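Some notes on the structure that comes next.
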Amino acid sequence: MTAFTVALVLVVAAAGLLRWRRPAWYWLAFGVTLAALRVLVRYRSVMDACGLTVPPARWRLSLARATNRPIPEPRPPRIRRLRPTRTGLVLRLKLRPGQDVFDIAAASDRLRHSFSMFGVTSREVRSGVVEVRMTGYDVLKRVQMPAASETWSMRVPVALREDGSVHYRDYRAIPHALTLGATESGKSVYQRNLVAGLAPLDVALVGIDCKQGVELFPLARRFSALADSPDTAAELLDALVARMADVYRLIRTQQRITVDVPDAEIAADIWGLPDELRPTPVVVLVDEVAELALYATKEEEKRRDRIITALVRLAQLGRAAGIYLEICGQRFGSELGKGITMLRAQLTGRTAHRLNDETSANMAFGDIAPDAVLAAIQIPAELRGLAIAGDASGGWHRIRAPHTSLRQAVNLCNRYADRTPDLPELAPFRPTTGTATELVPSAKASPATA
């Protein structure tokens, strides 16, 4: 009995130590079993307390009265599957007649407390079926990306969501995006993860960094074109507009609209062209959009209008030509001048790190997800890298990118430097790589994520 007691004390102590120091290990060793038992045992009573049950069917009531049996209890949604994951549990529910997916979403906070979980989110899989994802610990406190992520053409993993799933940047689904964040909010680390994910793919990277290139020029070996000033950026954007026109002419000549060609094979963008004819897709990263929109003289105002016009054209027409925009900045508001709100309307994806003012949060989410505005301005300063990601569908998530130092990003870009395509239209803007790339410090003084 004494040996059993000692062993029990050691197990409890080990569990407590793991829960404090290594919550992911604790979850896999102890938490997942305890949480699954807790959900199954409490399920009916919790659903009843949260108002997620429906009265029994009339025929059941009639049958109970006719046979003099007890009245059937209210029925909760039926559990179709309970699946453990490395961060929590996934519960798939079949809704009863009269229930709605918004009922589950509204009760998420009560379910979190009742099942003693860290977080609960829900989404509709199909009509009448809801997937409830429950996390057992704070997965965003120490981001650990899964060892194997689904990566394919123009779809790369960049961050982890609060429900434990991977947040992807899919350029085929969301061609253009806006990323906002104040100084030291983690925006640069998010951008590095994006470049690191795109580096192994067959894609051309084009950068515009008006801070004299301090953010993007260390990664120059993987970039097909780089601009470090507004003047160079204007010329580079004009070259991209000209490339877009050339690609559209190629698509027009190769559309294959004869009667013997199936509908699925008619080309309306570069992805409908044969592999040997398909132009290389281009991702344009703008590090600080405000530097392109500010002006002090008449000549600078003309240059500014030229730049914004080119960006709007690329945002409106670039998707089919395989040109995708990734606009970043600390501040994005209508005071940047005409054309800014038109540009914002074309940027479907929105990501906001910690912001210094509510106006920028409204510019990011006010037109697509008003609930995300409050979440964006409540990000604490000590949680660098935490962000709110949304899109035009109105849905949004809390995400956090894993910390990637500048040295790690440089090494990855150097490793895949041979995959950098040489585009004739952008040849004048091809960066010259020398010893400067090797002098990059190993990391920032303050990492964006722990």
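Counting begins at 1 with the first residue of the sequence. On a predicted model such as this, the values are computed, not experimentally measured, just so you know.
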Run Arg398 and Arg161 through side-chain contact (heavy atoms from CB on, under 4.5 Å) and show every step you take.
CA-CA 6 Å; Arg398 287 184 179 87; Arg161 291 181 177 178; over 6 Å; no
Counting N and O atoms only, with roles assigned by atom type, does the side chain of [X] sit under 3.5 Å from a partner on the main chain of [Y], one being a donor and the other an acceptor?
X      : Y      : result
Asp269 : Gly272 : yes
Tyr248 : Arg243 : no
Trp27  : Thr85  : yes
His397 : Ile388 : no
Arg400 : Lys141 : yes
His176 : Ala315 : yes
Gln99  : Arg96  : yes
Arg354 : Thr183 : yes
Arg319 : Pro175 : no
Arg42  : Ser114 : yes

Flag the pair [X] / [Y] as yes when at least one side-chain heavy-atom distance between them is below 4.5 Å, and no otherwise.
X      : Y      : result
Leu314 : Met244 : yes
Leu93  : Arg78  : no
Leu412 : Gln408 : no
Leu180 : His353 : no
Leu240 : Val282 : yes
Val286 : Leu325 : no
Val195 : Leu205 : yes
Thr179 : Glu326 : yes

Please name the pair of heavy atoms, one in [X] and one in [Y], separated by the smallest distance, quoted to 0.1 Å.
X      : Y      : result
Pro200 : Ala196 : CD-O, 3.3 Å
Gly164 : Leu160 : O-CD1, 3.7 Å
Cys210 : Glu291 : CB-CB, 3.8 Å
Ala372 : Trp396 : CB-CG, 3.7 Å
Met145 : Pro157 : CE-CB, 4.0 Å
Pro402 : Asn193 : O-ND2, 2.9 Å

To the nearest 0.5 angstrom, please state how far the [atom1] atom of [X] sits from the [atom2] atom of [Y].
X      : Y      : atom1 : atom2 : value
Asn356 : Ile377 : CG    : CD1   : 12.0 Å
Leu216 : Arg222 : CG    : CZ    : 13.5 Å
Ile327 : Leu343 : CD1   : CG    : 5.5 Å
Arg38  : Met134 : CZ    : CE    : 9.5 Å
Thr309 : Met342 : OG1   : CE    : 8.5 Å
Arg142 : Tyr137 : CZ    : OH    : 11.0 Å

For Ile208, run the side-chain contact (heavy atoms from CB on, under 4.5 Å) check against Asp287, Leu226, Leu292, Ile307 and tell me which one passes.
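Exactly one pass, corresponding to Leu292.
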For Phe223, which of Thr420, Leu285, Val206, Asp209 qualifies under side-chain contact (heavy atoms from CB on, under 4.5 Å)?
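Result: among Thr420, Leu285, Val206, Asp209, Leu285 is the only option passing the side-chain contact (heavy atoms from CB on, under 4.5 Å) with Phe223.
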Within 6.0 angstrom of Arg313 CZ, more than 12 heavy atoms from elsewhere
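Atom CZ in Arg313 is not crowded, with 12 or fewer foreign heavy atoms closer than 6.0 Å.
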Would you say Gln316 has more than 12 foreign heavy atoms packed within less than 6.0 Å of its CD?
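For Gln316, atom CD is crowded (more than 12 foreign heavy atoms under 6.0 Å).
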Using ring pair (Phe, Tyr, Trp, His ring centres under 6.0 Å) as the criterion, list what pairs up with Tyr171, not counting sequence neighbours.
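Tyr324.
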For Phe332, which residues count as a ring pair (Phe, Tyr, Trp, His ring centres under 6.0 Å) partner, sequence neighbours excluded?
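Result, ring pair (Phe, Tyr, Trp, His ring centres under 6.0 Å) vs Phe332: none returned.
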Could you go step by step and tell me if Val39 and Leu89 meet the side-chain contact (heavy atoms from CB on, under 4.5 Å) rule?
CA-CA 10 Å; Val39 169; Leu89 297 173; 4.1 Å; yes
Using distance alone, with no hydrogens and no angle criterion, decide if [X] and [Y] have a side-chain donor and acceptor under 3.5 Å apart.
X      : Y      : result
Thr135 : Asp163 : no
Arg331 : Ser360 : yes
Arg415 : Asn411 : no

Check whether NZ of the Lys or CZ of the Arg Arg155 lies under 6.0 Å from the centre of the six-membered ring of Tyr168 and within 45 degrees of that ring's axis.
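The answer is yes, since Arg155 meets both limits relative to Tyr168.
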Aromatic Trp271 / basic Arg172 pairing, under 6.0 angstrom, 45° off normal:
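Yes, Arg172 lies over the aromatic ring of Trp271.
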Carboxylate-amine/guanidinium contact Lys211 Glu288, below 4.0 Å
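Salt bridge absent between Lys211 and Glu288.
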Out of Arg92, Arg81, Arg83, which one pairs with Glu131 under the side-chain hydrogen bond (donor to acceptor under 3.5 Å, both in side chains) rule?
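The side-chain hydrogen bond (donor to acceptor under 3.5 Å, both in side chains) with Glu131 is passed solely by Arg92 among Arg92, Arg81, Arg83.
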Please walk me through it: do Leu82 and Leu40 pass side-chain contact (heavy atoms from CB on, under 4.5 Å)?
CA-CA 9 Å; Leu82 177 62; Leu40 293 175; 3.9 Å; yes
Check against side-chain contact (heavy atoms from CB on, under 4.5 Å), Val289 and Cys328
CA-CA 6 Å; Val289 67; Cys328 302; over 6 Å; no
Strictly by salt bridge (Lys or Arg N to Asp or Glu O under 4.0 Å), give each pair with a member in residues 99-119 just once, sequence neighbours left out.
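Only Asp109-Arg112 qualify under salt bridge (Lys or Arg N to Asp or Glu O under 4.0 Å).
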